[in-house]
J.: 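Sharing a structure here in structure tokens format.
Whatever order the structure lists them in is the order used to number ligands and atoms, beginning at 1. Because the structure is predicted, anything quoted here is derived from the model rather than measured. For the single chain, residues carry numbers from 1 onward in sequence order.
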Amino acid sequence: MRILSVCAPFDPITEKELEELRRLRKEGGYSLVLVVVKGEGILSREEREQLLSLALKPYRHMHVSEEMHGDLHELSEDFLKDEEKVRSGYFLQAARGIRKILAEKPYYWEAAVDLSCTKHRAGHSREVAKLSKELAHVHHLDDFLAWEAGLLHDITKAWSKEKGEEILKVYAPEILEYPAPVYHSYTAPVFLKTAMGIQNHQVLHAIETHTLGTGRSPLDEILYIADKIEPTRGYDATKETELAKRDLDAAFELVFQEAAQYREKEK
Ligand SMILES: [Fe+2]
Ligand SMILES: [Fe+2]
């Protein structure tokens with residue numbers, strides 16, 4: 001029996017890597033391919049092996065292995081760049097069998113924020129996620145969804161105006177009338193849906209409305225409030241935070257008014 005062992009970080013395995021494994025097996029005439037996780041990754045070795053097993057499930061001639069046997073092959077740098085692309089949020093380029101789990105579980109969500117945003121923006125996003133989760137918990141709402149919306153709400157904030165325009169022309173041309181800083185709240189849900197595969201309507205709606213404050217579901221209000229008052233904003237928001245824990249609608253109104261006053265002053 002001819003065996004080939006292929007190693008890479010597989011953080012996570014991409015569709016291109018899976019195609020390469022199939023090609024190597026076929027062209028080399030191997031009866032078995034052992035797929036071995038090698039090197040450091042954002043996920044632990046065990047987590048990467050679990051994702052690999054899922055991705056390899058349909059292929060009976062390929063197995064996850066801790067040890068290498070037979071001929072050895074290491075995947076090239078180009079494949080590792082594709083892995084990074086997936087970690088930056090392009091989950092639909094991951095191997096087919098793991099796309100759904102990457103969209104539903106936060107394996108690479110923080111990595112996607114870190115790779116897409118400035119350090120400052122990534123820190124802000126984590127704080128918004130934390131405060132959103134806390135507010136959802138206090139109000140007996142789904143705190144995971146609140147954390148998710150908080151973490152991902154600014155994921156397209158670093159996009160250029162041109163890139164934003166390109167997407168909005170297709171998905172929401174009416175938003176082009178607004179100033180460019182509004183764009184990201186409408187491009188983020190498009191990115192979440194089309195690149196990450198995230199479908200939760202409540203999360204997408206909260207993110208879409210977080211800049212203009214046009215959403216009034218409890219999650220919309222939580223994200224709007226948390227975005228404005230999280231601690232790295234650098235002002236004392238004790239009053240707003242306390243109010244948000246008692247009465248979301250009232251806190252939304254207060255923060256909305258304060259934001260309007262602030263915009264007036266800046267003019
Ligand atoms: Fe934002
Ligand atoms: Fe924000």
J.: Can D11 and Y108 be counted as having a side-chain donor-acceptor contact under 3.5 angstrom?
T.: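 Yes, side-chain donor-acceptor contact under 3.5 Å.
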J.: Ion pair present between E127 and R233, side-chain N to carboxylate O less than 4.0 angstrom?
T.: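 Looking at R233 together with E127, the answer is no, because their closest N to O distance does not fall below 4.0 Å.
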J.: Has H153 got an N, O or S atom lying less than 2.8 Å from the Fe ion (ligand 1)?
T.: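 Under 2.8 Å: H153 has no N, O or S contact with the Fe ion (ligand 1).
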J.: Using 30° and 60° as the class limits, which term best fits the ring planes of W159 and F191: parallel, tilted or perpendicular?
T.: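 Answer is perpendicular, since the angle exceeds 60°.
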J.: Using only N, O or S atoms, tell me which atom of D154 is closest to the Fe ion (ligand 2).
T.: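 Looking only at N, O and S atoms of D154, the one nearest the Fe ion (ligand 2) is named OD2.
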J.: Assess the residue pair E230 and V128 against the criterion (side-chain contact (heavy atoms from CB on, under 4.5 Å)); give the C-alpha distance rounded to whole Å, side-chain angles, the decisive distance to 0.1 Å, and a yes or no.
T.: CA-CA 6 Å; E230 60 85 5; V128 175; 3.6 Å; yes
J.: At the Fe ion (ligand 2), what's the angle from D227 OD1 to H124 NE2, rounded to 10 degrees?
T.: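 Reported to 10°, the angle equals 80°.
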